[in-house]
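FYI, the numbering just counts along the sequence from 1.
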Amino acid sequence: MGIREKLGKEILFFDGAMGTMLQKKGLKLGKMPEDLNIDNPHIIEEIHRLYAESGADIITTNTFGANRLKLAHSSYSQEEIIKAGINIARKANPDGYVALDVGPLGQLLEPLGVLPFEEAYDIFKEQIILGEKYGADAVIIETMVDIYEAKAAILAAKENSTLPVICTVTFQEDKRMLTGTDILGAVTILESLGVDALGVNCSLGPKELIPIVDELLQYSKTPVIVQPNAGLPKMINGNTVFDLSADEYSSVMEDFARKGVSIIGGCCGTDERFIKSIHDKLIGFSPVSRDVKPRSIIATATKCVDLDDGIKVIGERINPTGKKKLKEALINNNMEYILREAVTQKEKGADILDVNVGLPEINEPVVIASAVKEIQSIVDLPLQIDSSDPKAIEAALRIYNGKAVINSVNGKTEIMDTIFKIAKKYGACVVGLTLDENGIPSLAEDRFKIAEKIVNTAEKYGIPKENLLIDCLVLTASAQQKEVAETLKAITMVREKLGVKTVLGVSNVSFGLPDRALLNR
């Protein structure tokens, strides 16, 4: 049975620290630990074997820094190091599992740093392809301090291998990652990308992680992994020493398991004694089931918007329809104008920004990706990607740092099939319009039927109801008063019978009428 089939159904044990064990064996600072896979494989095998004999089900390969950037000064090729790393781990743990260890690249991605997202993706891709080629059972993407870098690694793993993907990020004591993502944001984004397990490692000891783990368990529908440090580090005689004993460590870890954590291991400062102590305490223990309430959350790296929490306003000024100046700005690639619109809408109270750059004169996939990248560099609001071009939608979602909304699908089967595949891949919410090949039905019951078809089709693609927003389409009261009443009726039917949220372009109702704000309200 593979790891994927056991996740959440059994307590699984990862190993502990590699660096701590190497330091015990006299590895000098400045030496690439990955080089030891070739220079002294017996040391690495001995460390892996100690962990396997202490109860670790999954051995992590000695490949944390085995990427193109960090191996620039290595004596060996990336392929040599990864092949040797997997073979050593397999030899030490023939009856268990081997996880390809993928650590951060050591550079911040744009806009915080200089590394382009797609270049980061390519670097991770090289690692992952080699990992699967040489027989890893899973990929563990660990110690991520930037959720955007985690996204690049996850996409690289899911698009270039069939391996289960586990991702652990690092939180500070303020419950945020280094680049500002909070716990709800991290869970939302990691789950949207379809990881097989998610959690936290490094930075803090188990006691300091208690409030963070409690929140992770509250939000995550995915199996949770926890790999703390052995307490907090201290410098003694020039050496880093951690302050927890194996028994103190495993006592907190046992509590985590009883709360619902199902994958357990160690990070800095832990050794085989820590893994054995946890394993001995939890022999025969089965994972605790957790009842996690579905939540409709969209997010950027630093801000979450909960669609269950009152009415949310979508700003729709970034749309060239009927806007001469915006058309000119898009044709001339004048992003400054678009950014001013984004900032103004945030200042006016928008919760979400719609981004539409659809013009026949431009390369829409290129321009919308550029617009998303630029907007996210100065505004923290989640985005709604608005396009009729699937290539443009995917280009925008790929570069987007967070969980977005796609605007939109309708009741046409071919459109749903195309867009739901993209939505599933990137974990986006989707707006569904109650129209089909025959246009907008006049009766609420017929609009409801289309909404029902959208919801049922989305389910076939694995898109849950909490990721759907149905737009029952409001028409102008000045010309179609009966249809306006049908819209209100359809909204009630969709919410009560289908249990999904609704979205509405309410300002359409007052077009051509006086005192528009009153009717819109």
Side-chain angles (χ1 to χ4, degrees), residues 108-114 116-118 147-148 179-181 185 189 298-305 307 311-389 391-408 428-429 431 469 471 503-508 510-511 516-517 520-521:
L108 283 173
L109 275 61
E110 295 175 336
L112 296 174
V114 296
F117 178 84
E118 286 297 347
I147 202 72
Y148 202 30
T179 51
T181 306
I189 294 166
I298 51 173
T300 61
T302 55
K303 186 179 182 67
C304 292
V305 172
L307 301 180
I311 293 172
K312 303 301 175 190
V313 176
I314 302 171
E316 295 197 320
R317 295 288 303 166
I318 303 174
N319 186 324
T321 305
K323 300 185 184 73
K324 184 180 177 183
K325 287 185 178 178
L326 181 54
K327 283 183 181 178
E328 291 173 356
L330 289 168
I331 291 168
N332 297 322
N333 198 30
N334 177 7
M335 284 295 163
E336 192 176 324
Y337 182 90
I338 294 166
L339 294 179
R340 280 202 305 270
E341 283 284 12
V343 171
T344 300
Q345 289 182 95
K346 180 178 178 180
E347 290 171 348
K348 296 286 186 183
D351 300 294
I352 303 158
L353 295 182
D354 185 89
V355 180
N356 183 321
V357 301
L359 285 176
E361 299 95 326
I362 65 172
N363 184 329
E364 189 180 351
V366 171
V367 174
I368 198 167
S370 177
V372 166
K373 191 174 173 183
E374 294 287 341
I375 291 167
Q376 284 211 305
S377 71
I378 64 163
V379 175
D380 64 353
L381 298 183
L383 301 184
Q384 176 170 279
I385 309 304
D386 188 352
S387 176
S388 57
D389 180 355
K391 290 180 180 176
I393 291 170
E394 178 152 19
L397 290 175
R398 191 171 188 83
I399 208 73
Y400 179 77
N401 187 5
K403 178 181 176 181
V405 183
I406 297 173
N407 188 15
S408 55
C429 289
V431 173
L469 302 164
D471 187 339
V503 63
L504 205 63
V506 289
S507 60
N508 292 344
S510 61
F511 187 76
R516 293 188 67 185
N520 293 351
R521 190 182 309 159

Please report the closest heavy-atom contact between [X] and [Y], naming both atoms and the distance.
X: Thr179; Y: Thr302; value: O-CG2, 3.7 Å
X: Asn520; Y: Ser507; value: OD1-CA, 3.6 Å
X: Ile189; Y: Ala301; value: CD1-CA, 4.4 Å
X: Ile399; Y: Tyr148; value: O-OH, 2.6 Å
X: Lys403; Y: Cys429; value: CE-SG, 3.9 Å

Close side-chain approach of Ile298 and Asp351, heavy atoms under 4.5 Å: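 SC-SC contact between Ile298 and Asp351 ruled out.
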Min side-chain heavy-atom separation Lys391-Val366 under 4.5 Å: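 A side-chain contact is absent here, since even the closest heavy-atom pair is not under 4.5 Å.
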CA sep, side-chain torsions, deciding dist, call: Leu469, Leu307, side chain to side chain contact (heavy atoms under 4.5 Å, CB included): CA-CA 10 Å; Leu469 302 164; Leu307 301 180; 3.9 Å; yes
Return a table of donor-acceptor pairs under 3.5 angstrom between the side chains of residues 375-385 and protein atoms on other chains or two or more places apart.
| residue | atom | partner | partner atom | Å |
| --- | --- | --- | --- | --- |
| Gln376 | OE1 | Asn401 | N | 2.7 |
| Gln376 | NE2 | Asn401 | O | 3.4 |
| Ser377 | OG | Glu374 | O | 2.6 |
| Asp380 | OD1 | Lys346 | NZ | 2.8 |
| Gln384 | NE2 | Asp354 | OD1 | 2.6 |

With Glu110 via salt bridge (Lys or Arg N to Asp or Glu O under 4.0 Å) - residues at least two apart: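 By the salt bridge (Lys or Arg N to Asp or Glu O under 4.0 Å) rule, Glu110 matches Lys373.
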Qualifying residues under salt bridge (Lys or Arg N to Asp or Glu O under 4.0 Å), relative to Asp389, sequence neighbours excluded: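 Salt bridge (Lys or Arg N to Asp or Glu O under 4.0 Å) check on Asp389 returns nothing, list empty.
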Could I get the full list of side chain to side chain contact (heavy atoms under 4.5 Å, CB included) partners for [X], not counting sequence neighbours?
X: Leu504; result: Asp471, Val474, Thr487, Ile491, Val506
X: Tyr337; result: Lys325, Leu326, Ala329, Asn334, Arg340, Glu341
X: Thr344; result: Lys348

By ring-ring contact (aromatic ring centres under 6.0 Å, His included) - contacts of Tyr400 (at least two apart):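 Tyr400 satisfies ring-ring contact (aromatic ring centres under 6.0 Å, His included) with no residue once adjacent residues are dropped.
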Contacts under 3.5 angstrom, residues 312-319 side chains, donor-acceptor by atom type, not counting sequence neighbours:
| residue | atom | partner | partner atom | Å |
| --- | --- | --- | --- | --- |
| Lys312 | NZ | Asp309 | O | 2.9 |
| Asn319 | OD1 | Thr321 | N | 3.0 |
| Asn319 | OD1 | Thr321 | OG1 | 2.9 |

Residue pairs passing the side-chain hydrogen bond (donor to acceptor under 3.5 Å, both in side chains) test where at least one lies in residues 360-370, sequence neighbours excluded: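 Residue pairs passing side-chain hydrogen bond (donor to acceptor under 3.5 Å, both in side chains), neighbours aside: Glu364-Ser387.
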Residue that, paired with Asn356, satisfies side chain to side chain contact (heavy atoms under 4.5 Å, CB included) out of Asn407, Ile368, Asp386: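 Option passing the side chain to side chain contact (heavy atoms under 4.5 Å, CB included) with Asn356: Asp386.
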Point-to-point distance, once rounded to the nearest 0.5 Å, from CD1 of Ile338 to CE of Met335: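 Reported value, rounded in 0.5 Å steps: 4.5 Å.
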